[in-house]
**Q** 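Below is the structure I would like to discuss, written out as structure tokens.
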2 protein chains.
Amino acid sequence: MKNTTNAVGPSGDARTRHRDDAALESTLTASRALLGVIARSLAPVMDTVTLPQFRVLVILSNFGPLRMGELAQHVGAKQSSFSRFADRMVAGGLIARAASPDSRREVIISLTEKGERVYAEVTDARRREISLVLQDLSGPDLDAVRAGFEVFARAAGEPSADETLILGI
Amino acid sequence: MKNTTNAVGPSGDARTRHRDDAALESTLTASRALLGVIARSLAPVMDTVTLPQFRVLVILSNFGPLRMGELAQHVGAKQSSFSRFADRMVAGGLIARAASPDSRREVIISLTEKGERVYAEVTDARRREISLVLQDLSGPDLDAVRAGFEVFARAAGEPSADETLILGI
DNA sequence: CACAACATATGTACTATGACAAGTATGAAG
DNA sequence: CTTCATACTTGTCATAGTACATATGTTGTG
């Protein structure tokens, strides 16, 4: 399935398109490789949290403590569903409910120490995995990786929270 | 594993380590960006297939038709569980059961046209998304992306099937 | 042929997720 | 102080995924 026909668009001359294609193929290959990295980093915690639950850890790590409703919105769940979803995570010791200082009807969810640990475990593993890949590279190769990935990341931009949450990562 | 504190390891002088770190950070950032790409490409089919079901589409696309038991092994499910899992996918029109020509007790699972379409939809979308990112880059930037990603992909190697299946991608 | 090994399907059961509707407390507006 | 909206929780139900034990049909072997 090398359907390159439609993927690139009508830009420029032959040499430009060839460049495009080469970069596209390299990106696709690298994206698979990165998926492997991500998957490996996630694997060790998959018996402690489910993927949807890991989303919540990610969100709370990025945003800090949130109200129930806000959190439910972030994960795209109905607030009623989320209440029991939270029950399970509380039971698992990953998050904690706390009374809001602002209003007694609000409930603030925050990461427990265990929740933080699980999240850190994954991100640390990700760094380790990538380091492992990079450690055998020569200096110029490292520079090439850095340069290429920087360009790509700048062009792609940070994915929105909603986007990556599709995968729960 | 490796040196967890530093994530990079004890190799070489300050300049080398600095290079390492820069490449690591760039890779982490790019990995998030790529996750966004992957997530966006997956989103449109998420109301047709679940993530575990999409795994099966991926496997069948890569390996071609497989026996029930083989397929169950690939997804890491017990055969008995997988039978009903398959039921749902058959009901969804994504895969088809067929008698094996070799043995009447074997059942061969293959992608239906719809299953292939759903899979292609995602991979095409992935290419489109990446093309979209790349299309605004200058020639030299494209070359940088291609070079960097090639190096990385070569160093990382293709992830094993088992690995990426953790994520269902 | 009889019987063990194999490939799949089914009975049963549990957890996770998620939707809708209704209930409960709290806060705000008049 | 009433009334209404807000923020959660709970009752109820449905589906997906997974497991274990068991049944059913098929092959291969002695």
Side-chain angles (χ1 to χ4, degrees), chain A residues 42-43 45-59 65-110 118 162 165-169, chain B residues 42 45-59 65-110 115 118 162 165-169:
Chain A
L42 224 31
V45 303
M46 293 300 283
D47 50 338
T48 309
V49 285
T50 63
L51 225 41
Q53 288 177 2
F54 188 72
R55 296 185 196 192
V56 173
L57 300 188
V58 174
I59 293 169
L66 289 174
R67 280 195 310 100
M68 272 286 198
E70 288 173 332
L71 199 44
Q73 272 205 313
H74 276 295
V75 302
K78 296 297 167 196
Q79 180 270 340
S80 67
S81 304
F82 190 77
S83 186
R84 253 163 308 209
F85 184 92
D87 289 345
R88 284 189 292 273
M89 291 192 73
V90 168
L94 297 161
I95 60 173
R97 281 185 168 93
S100 167
D102 298 343
S103 161
R104 266 192 297 178
R105 64 182 161 178
E106 294 179 356
V107 175
I108 306 292
I109 303 287
S110 56
V118 169
D162 286 348
L165 288 179
I166 294 166
L167 298 175
I169 301 170
Chain B
L42 223 31
V45 303
M46 292 301 283
D47 50 338
T48 309
V49 285
T50 63
L51 225 42
Q53 288 177 5
F54 188 73
R55 297 185 194 191
V56 173
L57 300 188
V58 173
I59 293 169
L66 290 174
R67 279 195 311 103
M68 271 286 192
E70 288 173 330
L71 199 43
Q73 272 205 314
H74 276 295
V75 302
K78 297 297 168 195
Q79 172 276 326
S80 63
S81 305
F82 190 77
S83 187
R84 255 163 304 209
F85 183 93
D87 289 345
R88 284 190 290 273
M89 290 191 72
V90 169
L94 297 160
I95 60 174
R97 279 186 171 94
S100 166
D102 299 343
S103 161
R104 267 192 295 179
R105 62 181 161 181
E106 293 179 357
V107 176
I108 305 293
I109 303 287
S110 56
V118 169
D162 286 348
L165 287 179
I166 294 167
L167 298 176
I169 300 169

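Numbers restart at 1 for each chain; the letters A, B, ... are given by sequence-line order, proteins then strands. Given the structure is predicted, the values throughout are model-derived calculations rather than measurements.
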**Q** About how many Å separate CZ of B:Arg67 and CD of B:Gln79, when rounded to the nearest 0.5 Å?
**A** 10.0 Å
**Q** Which whole-number value in Å describes the distance from A:Arg104 CZ to D:dA5 P?
**A** 22 Å
**Q** CZ of B:Arg97 to CG of B:Asp87: how many Å apart, nearest 0.5 Å?
**A** 4.5 Å
**Q** Is B:Gln53 touching bases, backbone alone, or none of the nucleic acid, heavy atoms closer than 4.0 Å?
**A** sugar-phosphate
**Q** Distance criterion of 3.5 Å, no angle test: do you see the side chain of A:Arg105 paired donor-to-acceptor with the base of D:dC8?
**A** no
**Q** If you look at every strand shown and take non-hydrogen atoms under 4.0 Å, does B:Glu106 touch a base, only sugar-phosphate, or nothing?
**A** sugar-phosphate
**Q** Whether the side chain of B:Arg84 and the base of D:dT15 hold a donor-acceptor pair under 3.5 Å is what I'd like checked.
**A** no
**Q** Relative to the 5' end of DNA chain C, which residue comes earlier, B:Ser81 or A:Lys78, by the nucleotide with the nearest heavy atom?
**A** B:Ser81
**Q** Of the nucleotides C:dC20, C:dA16, C:dA9, which one has an atom closest to the side chain of B:Met68?
**A** C:dA9
**Q** Reading DNA chain C from 5' onward, which residue's closest nucleotide shows up sooner: A:Ala77 or A:Asp102?
**A** A:Ala77
**Q** Whole angstrom is fine here: how far is it from CZ in A:Phe85 over to C1' in D:dT10?
**A** 18 Å
**Q** Between C:dA9 atom P and B:Asp87 atom CG, what is the distance in whole Å?
**A** 7 Å
**Q** Heavy atoms under 4.0 Å, any strand shown: does A:Thr50 hit a base, just sugar-phosphate, or nothing?
**A** sugar-phosphate
**Q** Side chain of A:Arg67: nearest nucleotide among C:dA9, C:dA7, D:dA7?
**A** D:dA7
**Q** In terms of side-chain heavy atoms of A:Ser103, which of C:dT26, C:dA9, D:dT27 is nearest?
**A** C:dT26
**Q** With rounding to the nearest 0.5 angstrom, report the CZ to CD distance, B:Phe82 to B:Gln73.
**A** 11.5 Å
**Q** Taking all heavy atoms of A:Thr48 and all of A:Gln53, pick out the closest pair and write down the distance.
**A** O-OE1, 4.3 Å
**Q** Whole-Å distance between C:dT15 P and A:Asp47 CG?
**A** 17 Å
**Q** Would you indicate what A:Ser80 reaches in the nucleic acid, counting non-hydrogen atoms under 4.0 angstrom: base, sugar-phosphate, or nothing?
**A** base
**Q** To the nearest Å, give me how far apart CD (B:Gln79) and C1' (D:dC20) are.
**A** 12 Å
**Q** Rounding to an integer number of Å, can you tell me how far A:Gln73 CD sits from D:dT6 P?
**A** 13 Å
**Q** Could you state the CZ-P distance from A:Arg55 to C:dA16, rounded to the nearest angstrom?
**A** 16 Å
**Q** Once you round to the nearest 0.5 Å, how far does CZ of B:Phe85 lie from CG of B:Leu71?
**A** 8.5 Å
**Q** In this structure, how many angstroms lie between the P atom of D:dA16 and the CZ atom of B:Phe82, rounded?
**A** 15 Å
